[in-house]
Amino acid sequence: MSMFENVTFKTWYYPVFLGCIVLIQFALMIHGFDVCDEGFSLTFYQQFFNSPESVEYCFVYWLSGLVGGLWYQLFESGGILGFRILTIIFNTATFMVCYQILKNYINKYYVLLGLSMVLFVNDFGFLAFYHNHLTMLLAVLSVYILLKGIQNNRLILIGLCGLILGVNIFARLPNITLLIFVLVIPYTSFVLKKEPLIKSVKPMLSMLLGSIAGVALVILLMKLLNQWDVMENAFSVLFSLGKTDDSGHNILTLIRVIKNNYIAIFYEGSKFIALISGLVLLYKLLKHKMIGKICLAVIALLSFLVVFAKGDIYIVYVFGFIGTIGVMFTKQKTDLIKVIAFLSLLIMIFLPLGSGGGVHSSGYICIWLAVPFFFHFVSQLISMTISVELEQTNTSFKIDGKLSKYLFAILASSYFLYKGYSMSQEAYFDKGNRLSKTATIHSKYANGIYTTNERAQVINDVILELEKHVKPDDYVFLYDSAPMLHFLTETKPYVYNPWVWIYDHVSFEEKIKTAENQIEVLPVVVQQKFTTIWEFSSPMHDYLSENKIPSNTYHPERAKIMNAFLKRHDYEIIWSNAYFNIYKTNLE
């Protein structure tokens with residue numbers, strides 16, 4: 001029995017709910033100023049048509065650049081806020097497509113609950129549009145079209161799914177793993193329908209040919225835009241990054257990341273199952289039912305809050321695995337729901353592969369379809385009566401549906417309670433209560449964005465000075481994690497990447513040499529003296545020291561290369577404060 005079996009889902013519920021979802025996103029989008037990830041993507045969009053070679057590294061996300069570049073051309077004055085509105089458009093569109101996929105197979109309340117959990121899984125709020133937003137919309141669109149093709153036996157739709165998958169590779173190169181969708185065809189025919197495998201050949205070929213067509217279409221468009229050479233250079237840098245030990249993108253590092261991800265998922269899953277078992281046992285041992293229910297509510301709420309605070313994305317991934325695998329191996333009203341579950345499982349397993357952070361960084365785009373299955377599957381389980389024997393006391397008890405429904409209602413409540421609190425206390429890479437974020441950045445591109453007084457002061461000081469020495473379209477060498485300064489000043493990255501921290505030391509040195517040979521002018525150099533990843537640190541007088549211990553934000557070889565560049569071209573400091581140095585060469 002469903003938790004909502006006796007509750008009618010009226011047609012106006014969905015648009016009202018969707019409207020509330022949109023309003024919440026609009027309320028969150030004005031707070032927080034990040035200089036790293038947002039600066040990286042926004043500089044890409046700003047220079048996509050203007051100077052594509054200056055953002056060469058970003059071309060591994062070419063399709064995202066095309067969408068973002070077009071948006072920038074249309075709404076340049078929108079700045080950061082405009083791109084956060086684009087995020088809301090993509091988030092909401094993904095929500096709507098997922099709802100259309102699931103609504104006929106899962107209780108609509110569970111669909112809305114699960115999709116809402118995914119939408120707010122990032123408890124820092126929302127970033128300006130970037131490749132993950134495009135990836136997730138194209139992924140669920142391909143699922144929607146593939147299901148229509150399978151359901152109606154339409155090869156053209158299966159081929160269209162393949163085309164979207166092929167195009168999606170250029171939103172984010174690891175998206176090539178989604179070609180694994182081809183396995184859904186023999187799964188449907190051979191496993192579910194018990195048909196001969198030969199019947200899967202034509203639809204599999206249709207998907208494959210569609211994927212090839214999608215790749216060819218993108219390459220053709222690149223050539224028409226005269227950007228194919230830039231893409232080739234981006235590929236060469238990416239492959240170079242995959243060969244060095246200090247890169248986050250070499251094969252061994254990526255394997256280690258995924259291994260650690262699944263260790264964390266198993267750990268969080270084990271804790272969750274143990275917690276549920278313990279709560280049920282506690283309730284059964286309490287004699288007075290009313291007191292027991294109150295105690296259970298308090299303990300469960302606190303326990304679930306701890307689980308969500310400590311579990312990160314991994315605990316929600318556990319929900320996705322439980323739901324999809326559970327549905328695939330239990331009796332369902334229709335086989336098509338098993339096909340959707342299988343597709344959802346494939347996305348969860350394969351889409352994070354190739355990402356530097358694996359599940360931790362890209363997992364939230366992989367669970368859109370999976371999480372609603374958790375509540376669907378649990379609702380099936382709790383309709384059963386389960387007997388458990390306690391050997392120590394030689395007694396037995398039953399776990400009934402009402403208790404399980406009660407627990408999972410608390411689970412959902414605690415999730416949104418925790419996420420709501422977290423989002424009130426932080427925006428992405430900008431910690432602090434949102435109500436305290438009242439200061440603004442003095443740039444037309446940051447209109448409508450609010451941050452803390454301290455962060456605004458740090459950025460406003462350097463922008464005010466930098467604009468005295470550069471003008472739009474000038475080259476600037478930013479070292480090493482403040483690419484937003486490029487976007488705010490409309491300047492071009494000197495070393496073909498707005499966020500040079502991404503480079504390993506080998507690629508960094510190679511790109512400096514390339515720039516020295518290809519770019520006739522020497523740039524103004526802006527060097528930060530504090531860390532900007534996660535939060536702004538206190539100033540560090542030894543930020544460019546060559547003898548510190550390596551860390552996530554510092555590598556001694558990269559510091560040596562930067563210092564050598566400054567010395568080689570006779571740079572001197574023309575302005576300095578506690579957080580930044582601005583250099584200019586004496587060779588001009």
Side-chain angles (χ1 to χ4, degrees), residues 17 20-34 36-38 80 84 87-88 90-92 94-95 98 112-130 132-133 136 261 264-265 267-269 271-272 275 300-320 348 352 355 357-368 370-372 374-375 408 410-437 449-452 455 532-536:
F17 189 89
C20 292
I21 289 294
V22 171
L23 289 175
I24 292 171
Q25 292 180 84
F26 268 94
L28 292 170
M29 75 174 183
I30 63 173
H31 294 118
F33 179 76
D34 163 48
C36 296
D37 286 289
E38 286 193 316
I80 300 171
R84 291 187 183 174
T87 295
I88 295 173
F90 271 77
N91 281 343
T92 306
T94 302
F95 191 106
C98 291
L112 294 179
L113 175 60
L115 294 180
S116 300
M117 289 182 70
V118 176
L119 186 62
F120 297 110
V121 71
N122 286 332
D123 49 19
F124 50 73
F126 302 102
L127 278 163
F129 168 80
Y130 73 120
N132 277 349
H133 301 119
M136 63 190 182
N261 288 163
I265 290 169
Y267 177 66
E268 294 300 329
K271 286 198 306 183
F272 178 71
L275 173 60
L301 182 64
L302 295 176
S303 300
F304 288 140
L305 286 173
V306 172
V307 165
F308 291 127
K310 301 293 185 182
D312 197 45
I313 183 67
Y314 302 118
I315 184 61
V316 187
Y317 235 70
V318 169
F319 296 163
M348 290 181 65
S355 170
V359 170
H360 180 78
S361 61
S362 61
Y364 76 97
I365 67 172
C366 307
I367 53 178
W368 275 94
V371 173
F374 172 72
F375 295 100
F408 283 99
I410 297 173
L411 173 75
S413 299
S414 63
Y415 179 87
F416 289 109
L417 183 64
Y418 171 72
K419 293 297 179 182
Y421 173 77
S422 295
M423 283 188 285
S424 73
Q425 299 302 308
E426 177 185 9
Y428 185 75
F429 278 17
D430 192 354
K431 293 185 181 297
N433 190 300
R434 284 178 180 265
L435 296 180
S436 70
K437 292 181 169 66
I449 300 297
Y450 298 92
T451 185
T452 60
R455 181 169 290 228
T532 54
I533 297 175
W534 299 119
E535 57 184 327
F536 281 13

Are the side chain of Ser436 and the backbone of Asn433 linked by a donor-acceptor contact shorter than 3.5 Å? yes
Could you tell me if the side chain of Tyr130 sits less than 4.5 Å from the side chain of Thr87, heavy atoms only? no
Rounded to the nearest 0.5 Å, how far does CG of Leu119 lie from SG of Cys98? 10.5 Å
When rounded to the nearest 0.5 angstrom, what is the spacing between CZ in Phe408 and OG in Ser414? 11.0 Å
Report all side-chain donor-acceptor pairs from residues 300-319 shorter than 3.5 Å, counting only partners two or more places apart or in another chain.
{"unit_1": "Ser303", "atom_1": "OG", "unit_2": "Ile299", "atom_2": "O", "d": "2.7"}
{"unit_1": "Asp312", "atom_1": "OD2", "unit_2": "His360", "atom_2": "ND1", "d": "2.8"}
{"unit_1": "Tyr314", "atom_1": "OH", "unit_2": "Asn261", "atom_2": "ND2", "d": "3.1"}
{"unit_1": "Tyr317", "atom_1": "OH", "unit_2": "Met348", "atom_2": "O", "d": "2.6"}

Could you tell me which residues satisfy side-chain hydrogen bond (donor to acceptor under 3.5 Å, both in side chains) with Lys431, sequence neighbours excluded, listed by chain and number? Glu426
In this structure, CG of Leu417 is separated from CD1 of Ile410 (nearest 0.5 Å) by 12.0 Å
More than 12 heavy atoms of other residues, nucleotides or ligands under 6.0 Å from OH of Tyr421: yes or no? no
d(Arg434 CZ, Thr452 OG1) to nearest 0.5 Å is 12.5 Å
Sub-3.5 Å donor-acceptor pair from the side chain of Ser422 to the main-chain atoms of Lys419, do we have one? no
Compare all side-chain heavy atoms of Leu411 with those of Phe374 and state whether any distance is below 4.5 angstrom. yes
Minimal non-hydrogen separation, Trp368 against Phe95, with atom names: CZ3-CA, 3.8 Å
Using atom types as modelled, flag every donor-acceptor pair under 3.5 Å from a side chain in residues 25-34 to any protein atom, sequence neighbours excluded.
{"unit_1": "Gln25", "atom_1": "OE1", "unit_2": "Asn91", "atom_2": "ND2", "d": "3.2"}
{"unit_1": "Gln25", "atom_1": "NE2", "unit_2": "Ile21", "atom_2": "O", "d": "3.4"}
{"unit_1": "Gln25", "atom_1": "NE2", "unit_2": "Thr92", "atom_2": "OG1", "d": "3.4"}
{"unit_1": "Asp34", "atom_1": "OD1", "unit_2": "Cys36", "atom_2": "N", "d": "2.9"}
{"unit_1": "Asp34", "atom_1": "OD2", "unit_2": "Asp37", "atom_2": "N", "d": "3.0"}
{"unit_1": "Asp34", "atom_1": "OD2", "unit_2": "Glu38", "atom_2": "N", "d": "2.8"}

Between Phe129 and Phe90, how do the two ring planes meet: parallel, tilted or perpendicular, split at 30° and 60°? tilted
